[in-house]
Protein chains: 2
Amino acid sequence: MDINDLDTASFIPGLSVDNVIFGFHNNQLKVLLLACKDQKHWMLPGGYVLKTESVDAAAERVLFDRTGLHKVYLQQFSVFGDPKRSSAQLVKGLVKSMDLDETLNQWFLQRFITIGYYALVEFEKVKPIPDPLSLACDWFDIDQLPRLIFDHQAIIEGALIAMRQHLNFQPIGLNLLPSSFPLKSLQLIYETILGKKLDRPNFNRKILSLGILEKKEKQFTGAAHKAPFLYSFKKKEYYKLLKEGIGETF
Amino acid sequence: MDINDLDTASFIPGLSVDNVIFGFHNNQLKVLLLACKDQKHWMLPGGYVLKTESVDAAAERVLFDRTGLHKVYLQQFSVFGDPKRSSAQLVKGLVKSMDLDETLNQWFLQRFITIGYYALVEFEKVKPIPDPLSLACDWFDIDQLPRLIFDHQAIIEGALIAMRQHLNFQPIGLNLLPSSFPLKSLQLIYETILGKKLDRPNFNRKILSLGILEKKEKQFTGAAHKAPFLYSFKKKEYYKLLKEGIGETF
DNA sequence: TTACATTGTGTCAGTTTGACTCAATAAAGA
DNA sequence: TCTTTATTGAGTCAAACTGACACAATGTAA
């Protein structure tokens, strides 16, 4: 698809959605990013809101377009509305690198307010698909991000903070893992999101006490140590807990 | 000020902010609402975002215009972006009741996406000021709300849910109280936000253990029972705790 | 003087947490 | 085959926290 086919007239002007799409692979939390055509920056997969569409639906559409996935955990977390969030100079450079017609030029030069969503997806199920504005679509380790456009770095950080807060209410990590997984993977996810090490025995005790995990067969990885048990989660109990929440302090 | 002086050209079209302003009075959590000119509905104090202004600044401006207050706890919590959130029929009725010129007519008839904020203010310090779109500005008990326009009922409910989640991370209630207050008031706020009764001795033990409260003189209310001690909060320790959060489960 | 509502303080069993052991075990190396 | 190594599963234990109480103290009204 050519960029110039983008029908800007059908979108709400000045408004966008940006998705921070998290995956987990090689014991690392990763984010899906797109390469800008200026070959200098990367950006979050984002898009615009159709005039007849809900904002949530727009975020789902963008997610589907980049990953081929439907019905994953997708959560709106913050609006980024600083008038200076996109540097005019940078936008001009980007626009130039894309060879656009005049209408599109105007479209990209306007001020955008963006709505941040984060998504939790199963890494192996994603087939990254670049969009018409980008050269590539790839995963990056959360602690080794490339140079990002505009305030996209801050958006990712905001997503992490939001996740950290949701973690105490909802058993989040499971959305990132395949249907069966060792507890260590889940622990690593929690450690990454919380930004601190957790005690293994204590973590296992707590997670298992939630009653949403089911023990499966052992996993022989070929590594020189005891093989861990795999677990899968009981969907019914999981969704019940998602609704109710866990860490009620008062 | 006349409505027809509203300079719509200086605002971002299709975007608004709505503030759920909470206060605490007579042992009740209250919300500040405006009376629509159709004399049938009430609405949240809201406004539009100037083309040169950040979204947060717009919310602060609206808050100041309705309450005369600056620098209070103001927290963005959700975007309401359903294309059908404002019924076309209702809008037409409202527009008719306001006697607008053609430009303004068009302005109000467009689809709006609104960004929800909630604010915590000290009831006694507020001087409610109606805006040019409304007939009155008044407080309502959170559990005795009048008929609200559009999805404003859902926005208020969303604010309550957001607060409930923040409560575990931040000692929120204090923003609603005067500089010194009895612990019972704070407990009532927590009970309202959480929607459940709390055990008084246990609540006091927990709140005091946070180390952000300072015991002051007794309060003689004239009621036929023991006079409670008043407490004020230690700002320094309070802000430290606000940053760090309290209820870390993992 | 008594009654009453509400407060300050305290108890206590049960649960959860944080910081630890330690034996079991899958594979690699000697 | 025996030993080594990394990691897992299971368990211990003191300290902290929680939920559910009890009870005396105290301003005012009857």
Side-chain angles (χ1 to χ4, degrees), chain A residues 26-28 164 167-169 171 173 177 180-191 194-233 241 244-250, chain B residues 26-28 164 167-169 171 173 177 180-192 194-232 241 244-250:
Chain A
N26 281 342
N27 287 344
Q28 281 276 358
R164 196 172 301 160
L167 211 48
N168 283 284
F169 287 89
L177 293 166
S180 65
F181 54 86
L183 289 187
K184 193 62 195 290
S185 297
L186 192 56
Q187 186 187 338
L188 285 166
I189 290 173
Y190 271 72
E191 288 181 344
L194 294 173
K196 67 180 179 192
K197 291 280 170 199
L198 299 173
D199 180 83
R200 183 178 50 84
N202 292 342
F203 175 81
N204 292 4
R205 179 177 58 190
K206 177 126 191 200
I207 281 290
L208 291 174
S209 77
L210 297 179
I212 55 173
L213 292 180
E214 191 175 12
K215 193 189 264 192
K216 312 271 278 196
E217 76 282 7
K218 278 193 180 183
Q219 181 193 41
F220 292 85
T221 57
H225 55 73
K226 199 169 174 178
F229 282 101
L230 295 181
Y231 289 81
S232 65
F233 65 97
L241 202 57
E244 292 178 359
I246 27 181
E248 305 284 337
T249 310
F250 276 98
Chain B
N26 281 343
N27 287 345
Q28 281 275 358
R164 197 171 299 160
L167 211 48
N168 282 284
F169 287 87
L177 293 166
S180 65
F181 52 88
L183 288 186
K184 194 64 196 290
S185 297
L186 193 55
Q187 185 186 342
L188 285 166
I189 291 173
Y190 271 72
E191 289 182 343
T192 309
L194 293 173
K196 66 180 179 193
K197 292 280 172 201
L198 299 173
D199 180 81
R200 182 178 53 82
N202 294 341
F203 176 81
N204 291 5
R205 180 176 56 189
K206 177 129 191 195
I207 280 290
L208 291 175
S209 77
L210 296 180
I212 55 173
L213 291 181
E214 191 175 13
K215 194 187 262 192
K216 313 270 280 195
E217 75 281 10
K218 280 193 177 184
Q219 181 193 41
F220 293 86
T221 58
H225 53 72
K226 198 171 174 177
F229 282 99
L230 294 182
Y231 288 81
S232 65
L241 202 59
E244 291 176 2
I246 26 182
E248 305 283 336
T249 311
F250 276 97

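Throughout, a chain's letter reflects where its sequence line sits, starting with A, and its residues are numbered from 1.
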*asked:* When you compare the side chain of B:Asn168 with that of A:Asn168, does any pair of heavy atoms fall below 4.5 Å?
replied: no
_Treating B:Thr192 as the side-chain partner and B:Leu188 as the backbone partner, does any N or O pair qualify as donor plus acceptor under 3.5 Å?_
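Yes, because the side chain of B:Thr192 sits within donor-acceptor range (under 3.5 Å) of the backbone of B:Leu188.
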*So which nucleotide from C:dT7, C:dA19, D:dG9 ends up closest to the side chain of B:Arg200?*
C:dT7
_From C-beta outward on A:Pro201, which listed nucleotide comes closest to its side chain: D:dA22, D:dT18, D:dA10?_
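Nearest to the side-chain atoms of A:Pro201, counting from C-beta on, is D:dA10.
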_Nearest heavy atoms of A:Leu230 and A:Ser180, plus distance in Å_ =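 Closest heavy-atom pair between A:Leu230 and A:Ser180: CD1-OG, 3.8 Å.
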_Minimal non-hydrogen separation, B:Leu194 against B:Arg164, with atom names_ = CD2-CG, 3.6 Å
_Quick test of your reading: applying salt bridge (Lys or Arg N to Asp or Glu O under 4.0 Å), list the pairs with at least one residue in residues 182-191 of chain B, sequence neighbours left out, ordered by first then second residue._
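Qualifying pairs: B:Glu191-B:Lys197.
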Distance, rounded to the nearest Å, where [X] contributes [atom1] and [N] contributes [atom2]:
X        : N      : atom1 : atom2 : answer
B:Phe229 : C:dT9  : CZ    : C1'   : 12 Å
B:Leu230 : C:dT7  : CG    : P     : 12 Å
A:Asp199 : D:dT12 : CG    : P     : 16 Å
B:Lys206 : C:dT15 : NZ    : C1'   : 14 Å
A:Phe203 : D:dT8  : CZ    : P     : 12 Å
A:Leu213 : D:dG9  : CG    : C1'   : 15 Å
B:Leu208 : D:dA16 : CG    : C1'   : 17 Å
A:Leu198 : C:dA19 : CG    : P     : 11 Å

*asked:* One pair to check against ring-ring contact (aromatic ring centres under 6.0 Å, His included): B:Phe203 and B:Tyr190. What are the steps and the verdict?
replied: CA-CA 9 Å; B:Phe203 176 81; B:Tyr190 271 72; 5.3 Å; yes
*asked:* Is it the case that C:dG18 (base atoms only) and A:Arg205 (side chain only) share a donor and an acceptor within less than 3.5 Å, ignoring hydrogens and angles?
replied: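 Such a pair exists between side chain and base.
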*Does any N or O donor sit under 3.5 Å from an N or O acceptor when you compare the side chain of B:Asn202 with the base of D:dA20?*
yes
Scan the side chains in residues 208-225 of chain A for donor-acceptor partners under 3.5 Å anywhere in the protein, sequence neighbours excluded, and list what turns up.
residue: A:Ser209; atom: OG; partner: A:Lys206; partner atom: O; Å: 2.7
residue: A:Thr221; atom: OG1; partner: A:Ala223; partner atom: N; Å: 3.2

_Treating primed atoms plus P, OP1 and OP2 as sugar-phosphate and everything else as base, which nucleotides of nucleotides 24-30 of chain C get B, S or - for protein heavy atoms under 4.0 Å?_
BBBB---
